[in-house]
Number of protein chains: 2
Amino acid sequence: MAIPRAAQTLRRTRIQEEKEEQILEAALEVFSQRGFHGSTIDQIADVAGMSKPNLLYYFRTKEAMHRALIDRVLENWLEPLQSFDADGDPGQEIRGYIRRKLELARDFPRESRLFANEILQGAPHIMTVLEGPLKALVDAKAKVIRAWTEAGKVRPCDPYHLIFSIWSTTQHYADFDVQVRAVLGSADALSDRFDGAAAFLERLFIDGLVLAPARDEISP
Amino acid sequence: MAIPRAAQTLRRTRIQEEKEEQILEAALEVFSQRGFHGSTIDQIADVAGMSKPNLLYYFRTKEAMHRALIDRVLENWLEPLQSFDADGDPGQEIRGYIRRKLELARDFPRESRLFANEILQGAPHIMTVLEGPLKALVDAKAKVIRAWTEAGKVRPCDPYHLIFSIWSTTQHYADFDVQVRAVLGSADALSDRFDGAAAFLERLFIDGLVLAPARDEISP
DNA sequence: GTCTATACCGCGATAGAC
DNA sequence: GTCTATCGCGGTATAGAC
């Protein structure tokens, strides 16, 4: 069973890859809006413009689609936090992280909602990722932040809750998009919304947490 | 049609009310975890300890259950923001609001997840509430905050994004509970988690946004 | 008011023709 | 590789006995 699977992978044609791409794109559209249990293969097939059996030829079960989708999205999702640099300036690092997360929320809202749905429902498919790689990554970055606070560059604070608050505030604009738009009114354009959010969040986190020795050095 | 509905409401017995309560409690448990489309009446009946037809005697459709549940939860959900007082001290008001929202996230996480699921899925059942009462309430409170900034009590900032950021950071501890617990490790107790969150968020928002003339008056 | 039985449909998945 | 047809199951909802 392992050998045919490998062989199948090796002789995967360009057309096959395009079809799989097409299916995963449709699956993202549906899963991100309804969650795993609320989604049906019919809906995904409709969006993909394929018949249901044809779709099941490429992914033999609904769970296989979901797993392939989650795996692919996970790679790009942890990247911004990884590039958090211990040697950089705390203000620059935090500002850059907020910007990247906001850009992700703006440009890939369905990916954000896919995870939100998964975690809301108890994270049955990614629990091991949360407890393993994600926890390890956050632990490492928490140490970076703690070093900043101990060096007097950042106001003393719990680094874990700092990370949680950046996650929640930025992802909010993807996950709760309909609510944000309803409250701000339809006059508000997408770019305005995110520029406003960026300005507010940078001010909140930088002014609120980062101590400014740099400014003293510039104008003493 | 309106008259029998009213009559039915009037002669509702205590037992009927208790059963309905029991059903809505079970519906909250299920809907909050799986969302509307992902939930089944079987699951709700199981949790409620009743037979499926019996449950459908009290609520004739799945949507009726969901609607009754949403309506009831909505009442308590908007209350904390309503008590936001223009004449109060900004620091006290914002601190109090954060505390109340965190207490709601701690004590009623399922209610929070019910809304999160509903909004993630496009808010099909509460769109009118978001565009009507919720928007009106937020508009009113945004004016309160703007008055504070113009009076020099609060750093200039967009009041809407301030409210969004308080919503997202506090609800995060209910909606993304499994992720928070996975990252912090199982050693972390519920009360520790929320005490830590409260300490961090109060410091972030108060130190970050509220200007402190009071402190000058106390120790000049 | 509450149960058993069941109608009826849409779901995930498979078989087999082409 | 892609289709039509279909299976078996579980979904919502109803009918009718008790």
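Just so we're clear, the structure is a prediction, and the values are computed from it rather than from any experiment. Residue numbers start from 1 in every chain, and the chains themselves are labelled A, B, ... in the order their sequence lines are given, proteins ahead of strands. Below, each value reflects all heavy atoms present in this structure, side chains not excepted, and no hydrogens, waters or symmetry copies.
A salt bridge is absent between B/R99 and B/E103: the closest approach of a Lys/Arg side-chain nitrogen to an acidic carboxylate oxygen does not fall below 4.0 angstrom.
Counting only residues at least two apart or in different chains, side chain to side chain donor-acceptor pair (under 3.5 Å) contacts with residues 45-56 of chain B comprise B/D42-B/K52.
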Practice problem: Do nucleotides 1-17 of chain D as a string where each nucleotide becomes B, S or -: B if the base has a protein heavy atom under 4.0 Å, S if just the sugar-phosphate does, - if no protein is that close. | Solution: SBBBB-----SBBB---

Please list, one pair per line, the donor and acceptor atoms closer than 3.5 Å that link side chains of residues 185-193 of chain B to other protein atoms, with sequence neighbours excluded.
from	atom 1	to	atom 2	distance (Å)
B/D188	OD1	B/R193	N	3.4
B/R193	NH2	B/D177	OD1	3.4

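A perpendicular orientation is assigned to the rings of A/F84 and A/Y97, their planes being inclined by more than 60° (bins at 30° and 60°). Aromatic ring orientation, A/F164 versus A/W167: tilted (interplanar angle from 30° to 60°).
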